[in-house]
Amino acid sequence: MAAPLTLLLIVAVTIRAALYRSSLAELIAERVEVVSPITAWKRVVEGLALLDLGVSPYSGDVFHETPIIIYLFHFLVDYAEITFMLADVITAVALYMAVTDYNKQVFRKQKFALEADRYPLDCLELIRNPKEMYYIPLKVAMFYLLNPFTILSCVAKSTCGLNNAVIALFILSTIKGNILLSAIFLSLATYQSIYPLTLCAPALLYLMQRQYIPVNFRRASFWWFVVQYAFMYLGSLFVIICLSFFLLGSWDYLPSVYGFILSVPDLTPNIGLFWYFFAEMFEHFRLFFLCVFQINVFFYTIPLSIKLKEHPVFLIFMQLAVISIFKSYPTVGDIALYMSFLPVWSHLHRFLRNIFLVSCVLLACSALFPVLWHLWIYAGSANSNFYYAITLLFNVAQILLVSDYFYAFLRREHHLTYGLYLKKKDGSEATLILK
Amino acid sequence: MAGRRCSSSVLLLILWSLSVFIVVSSQETTPTGGHHEVAADNPQTTTETEQQTAEQPAVEEREWKATEVEKATLGDAETDKQATSAPGSVTPSSVPRPKDDFQEELVIRPLHSGDIYASFQFRTLWETDFMKGNKVSHYRLFPKSLGQVISKFSVRELHISFTQGYWRTMQWGQPFLPSPPGAELWVWFQDTVTDVDGMWKELTNVLSGIFCASLNFIDSTNTVQPSASFKPLGIGNVTDHRFLRYATLPREIVCTENLTPWKKLLPCGSKAGLAILLKSEKLFHSSFHSQAVHIRPVCQDQDCKTTSWELRQTLNVIFDLHTSGQGKREWSLFKMFSRTLTEACPLASSSKVYIDITDDPQGDQFELTPATPLLSQAVVMGDRRTFSVYDLTQQITFGTMRSLNLLIRWKSSEGHMLRPLLHAERYVAGYGLQTGEIHTLMYNNHPYRSFPVLLLDSVPWYLRLYIHTLTVTSKGKENTPSYIHYQPSKDRVRPHLLEMLVQLPPNSVTEVTVQFERALLKWTEYTPDPNHGFYVGSSVISSLVPSIVAMDTNSSQERPLFSNFFPCKEESSYFVRIYTEPLLVNLPTPDFSMPYNVICLTCTVVAVGYGSLYNLLTRSFQIEEPSPGLAKRIANIIRKMRGVPPL
């Protein structure tokens, strides 16, 4: 397996290096779909320039990345292209290793279940065989590295690539069962953009499952584990925040980074739902809707963790998707991360209802983004509503995609318990519905 | 000894007249018992006042004589000094020297383009102290409204200008007092002020009322604190720019409603003196109009023992050859202002009209009627210029017609103007509504000298400047600024401030470029005409330009008003401030007509997400039981009522 992965990495790096050298790089770096006010490379360079002028980068409203990023690039600014390519490679390799490990566990569990005769007899078609699972890790790495969204994001030097690498490392260390590293990477991801906070729940569920700790609120071992993990998570978060304070010598970065993410003052168009909504919002309802939209991102964590208690990795996928749809400044890089998980769920394809429609819509929207942007901003023959309509459609398609996978996952679980070919009382073929 | 005797007699006379005055006023103010008494008192009072008015000229005459004598004795031997010092020390207490003084002047400069430049300056000097706790309540020449503003807001210096049109330096040369299009306000506060921003906010609102202008739109989003460009012009060497506030409103329209309150600040209003020329129907029918008020503390004399407040009101106007002059190269006061001069302001100590005739030494370019024998030379803007002077305080100026209507008639349209040594222009480059680039071009036309300039740019927050894209090039080479002060903007709070010191090489163009990104605003933050665009105020370029002739550094010497506004520290250079064009930048706009639709549609999408997840989370899979048809259900109900088992 190492050879195809190496080949894939070489191809991916070559594509990126070629694009960096082409005239497209500048064009891509300006695209609002690829860079957000937080992740734009132009703004990171501006932050560095301000630091050189002796002005705090957080005294203005151009730079919103975290202090660690600015100090990282203080030393690496000349090697930025290599850094971003490396980040993509790390993400892909981490996902590759994580999925390999996860598949092994899935297979082992399935073997136990089969030996215990827990599956109904007609479910043999649903049983996964090692042959089709063999290429899944490679497919995941390929889905990440060769996804045009990732390539664009990397060529634009969007710092989203770094966030993805941190999240991928978090997933890897969680699946490998390393509690400390998992907590550290999760706190790093939280520090970068708040929203990965919700990944806390799947990490806890997974680690407890691995250590055979039952998820039971009355058991001391459960609480002891939660406290342990929370201590490591909060401790490392505290260390990172204090470290950034000592790097800059002021707390200015807190409102400038987290206040900026939560209060959405910059209404630059992007692929998300926030910008046009808050540009057109009535002033006295702004705070209310801001709270509603921000809570919406965190809202699904608890119900999803209850429903997917037994499947934390699928929960991670669901959480990543929810974050990238409902976050305040989404970019295509965020979408690329959860899309790279799609090959892991390839066994769900027989239960997907509208995957063809959704993929067509996603493709059409991706093509229409630059077209309508051009018509609005450069040609002046369209207005903002055109671009807004496409972002709406794009988000509806993403929501349908995610809920479709969720539906398929639940349905497969149902079939694994009750059998694939269900019969009505009178013996005729039954149809399943949600009630 | 003669001087002493004279002055003591003057003293006596004045004391006597004062006592008479006090008696009169006390009699006027004492409550009178009845009509009878008043009638009895009246004759006496009238005779006394008559006496007083009769004495008044006599007093003045004596006073004039006394000073004459003093002057004569000054030239005497050392021994006489003891004697002469006595009247000198007595005079201020006995003869209250007028503590305030008013001067007015008009400068007319015929321009090569055939246009004409008229510049009015009115200066009120008042030796008083607004600050030291004592409430100043008696105002004579100084306008009370501004005096109260100075004392209430602890203002050290105040400069405000309203300008309609853009000053074309390359066609018209340097103006006597530069100003940017729109409104400009900069104020130095006293260093005792603690809450400068609060003071500034209140002050702008008060000035907005005084001048009937939209200065109340000045808030933190267009106010900056320049670190080097705006030094105090009066005395005092405070350099702490915490006490300085600078703001421009490039969109401000200047019209009659701003001119009327401005004229009311003059001691004579628009009733007499040069101000009768200020008729709005003519002033605003011009290519450039600028009116300003400058208040600053100045030295009274050479060694600066006493300070006084100077209020300088200026009005500059350019009349166009074609629109105002009907294309004829012939100008008269009547043609320009539709008025002629008949008298000086009676309160003015000096009232003069200067005509710039430097370009016409032999009188072959244009002719001037009526001719005047008075000529004056002044060094202004690094150039020695010759002026014909008309003194309005002299009756002879008005001639037999009792009115002065100056007439300037060109004989030939040739000749060339001296190119200004420093000149600047600015524009926005790029297309589309996403990004753009501001280009500022600064021309140094000096053939062999290079000099430094201070460039100040204040850019609103919605054009996000990227300082790392700043480039300064002159003659194709990079020109690193020796000083950069940059304050990045805060969204909806404060603008960008960029100040830098650039050395301009001789005979060169220096180009400063910086990229920006256009922000999408909330729909309520746009102006009512959003597609007109947003204004960005002028860049300010301040510089000490090498002078061709030696500048006059002696500030105490009596000079025409137009040449002594900017203090001059050294002979070899003079201070110039120029303003570039304001910029008009378009921003992307949302659709203003559909906030409801957007709110509904976005909420629908969020609801779709919520709904589909909620569905999957709360429901479970069940086998579908086909529900019976409507007919069957009705039949079953009937069967149930009948007590028969259902179908």
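Below, chain A is the first sequence line, B the second, and so on; all start at residue 1.
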Highest number of heavy-atom pairs under 4.5 Å with chain B among A/E30, A/E283, A/H374, A/R286 belongs to A/R286
List the steps and the verdict of side chain to side chain contact (heavy atoms under 4.5 Å, CB included) for B/H439 and B/E511.
CA-CA 7 Å; B/H439 288 246; B/E511 186 173 24; 2.7 Å; yes
For A/C123 and A/G419 the tightest heavy-atom approach is SG-CA, 3.8 Å
B/W461 vs B/T221, side-chain hydrogen bond (donor to acceptor under 3.5 Å, both in side chains): CA-CA, chis, key distance, verdict
CA-CA 7 Å; B/W461 65 267; B/T221 60; 5.5 Å; no
Between A/R43 and A/D61, is there a side-chain N and carboxylate O pair less than 4.0 Å apart? no
Whatever's closer than 4.5 Å to a heavy atom in chain B on A/V45 counts as both
Cut-off 4.5 Å, heavy atoms of chain A, and the answer for B/R494 is side chain
Turns out that what part of A/E46 lies under 4.5 Å from chain B's heavy atoms comes down to both
Cut-off 4.5 Å, heavy atoms of chain B, and the answer for A/F274 is neither
If you tally heavy-atom pairs under 4.5 Å between each of A/L422, A/L50, A/I325, A/N395 and chain B, the highest tally belongs to A/L50
With chain A, the option among B/S612, B/P588, B/P590 that has the most non-hydrogen atom pairs under 4.5 Å is B/P590
Atom OH of A/Y378: over 12 foreign heavy atoms under 6.0 Å
yes
Assert top hit (heavy-atom pairs under 4.5 Å, partner chain A, pool B/L433, B/V605, B/L617) equals B/L617
Under the ring pair (Phe, Tyr, Trp, His ring centres under 6.0 Å) rule, what do A/H64 and A/Y329 come out as? Steps first, then yes or no, please. CA-CA 12 Å; A/H64 298 287; A/Y329 301 100; 7.9 Å; no
So, the part of A/R411 with a heavy atom under 4.5 Å from chain B: the answer is both
Assert top hit (heavy-atom pairs under 4.5 Å, partner chain A, pool B/L601, B/N615, B/V608) equals B/L601
Honestly, the part of B/T589 sitting under 4.5 Å from a heavy atom of chain A is backbone
Checked B/T618, B/V598, B/L520 vs chain A; the most non-hydrogen pairs under 4.5 Å come from B/V598
In terms of heavy-atom pairs under 4.5 Å with chain B, the winner among A/W275, A/F63, A/W373 is A/W373
Hey, is CG on B/L584 packed in by over 12 heavy atoms from elsewhere, all under 6.0 Å?
yes
Okay, B/E525 and chain A: the region with an atom under 4.5 Å from a heavy atom over there is neither
Are the side chain of B/R492 and the backbone of A/P265 linked by a donor-acceptor contact shorter than 3.5 Å? yes
Give a yes or no on whether a salt bridge exists between B/K522 and A/E280, defined as a side-chain N under 4.0 angstrom from a carboxylate O.
no
Does the ring centre of B/F621 sit less than 6.0 Å away from the ring centre of A/Y418? no
So, the part of A/F289 with a heavy atom under 4.5 Å from chain B: the answer is side chain
The interface call for A/Q398 against chain B, heavy-atom contacts under 4.5 Å, is neither
query = Is it the case that A/R353 places NZ or CZ above or below the six-membered ring of A/Y407, under 6.0 angstrom from the centre and within 45 degrees of the axis?
reply = yes
So, the part of A/V322 with a heavy atom under 4.5 Å from chain B: the answer is side chain
Q. Would you call B/K231-B/D240 a salt bridge at under 4.0 Å N-O?
A. no
In terms of heavy-atom pairs under 4.5 Å with chain B, the winner among A/I433, A/T268, A/I399 is A/I433
Look at the aromatic rings of A/H415 and A/F351 and report parallel, tilted or perpendicular, splitting at 30° and 60°.
parallel
Under 4.5 Å to a heavy atom of chain A? For B/L521 that would be backbone
Max heavy-atom pairs within cutoff under 4.5 Å with chain B, candidates A/L48, A/L410, A/V62, goes to A/L410
Whatever's closer than 4.5 Å to a heavy atom in chain B on A/K42 counts as both
Comparing A/V32, A/L392, A/N383, A/V396 against chain B, the one with the most heavy-atom pairs below 4.5 Å turns out to be A/L392
Exercise for the section: Could you tell me whether the side chain of B/S489 and the main chain of B/D491 form a donor-acceptor pair under 3.5 Å? Expected result: no
So, the part of A/Y387 with a heavy atom under 4.5 Å from chain B: the answer is neither
So, the part of B/I484 with a heavy atom under 4.5 Å from chain A: the answer is side chain
> So, A/N296 side chain and A/F326 main chain: donor-acceptor pair closer than 3.5 Å or not?
Replying inline: no
If one checks every heavy atom of A/L432 against chain B at 4.5 Å, the contacting part turns out to be both
Worked check of ring pair (Phe, Tyr, Trp, His ring centres under 6.0 Å) between A/F314 and A/Y405 = CA-CA 10 Å; A/F314 190 75; A/Y405 267 94; 7.6 Å; no
- [ ] Kindly say whether A/L262 contributes a backbone atom to a donor-acceptor pair with the side chain of A/Q294 at under 3.5 angstrom?
- [x] yes
So, the part of B/Y614 with a heavy atom under 4.5 Å from chain A: the answer is neither
If one checks every heavy atom of A/M281 against chain B at 4.5 Å, the contacting part turns out to be both
Under 4.5 Å to a heavy atom of chain B? For A/F278 that would be backbone
Answer key: most heavy-atom pairs under 4.5 Å with chain A among B/H468, B/H485, B/Q434 is B/H468
Give the C-alpha distance, both sets of side-chain angles, the deciding distance and a yes or no for ring pair (Phe, Tyr, Trp, His ring centres under 6.0 Å) between B/W200 and B/F243.
-> CA-CA 10 Å; B/W200 168 250; B/F243 300 105; over 10 Å; no
Turns out that what part of A/L304 lies under 4.5 Å from chain B's heavy atoms comes down to both
Turns out that what part of A/L53 lies under 4.5 Å from chain B's heavy atoms comes down to side chain
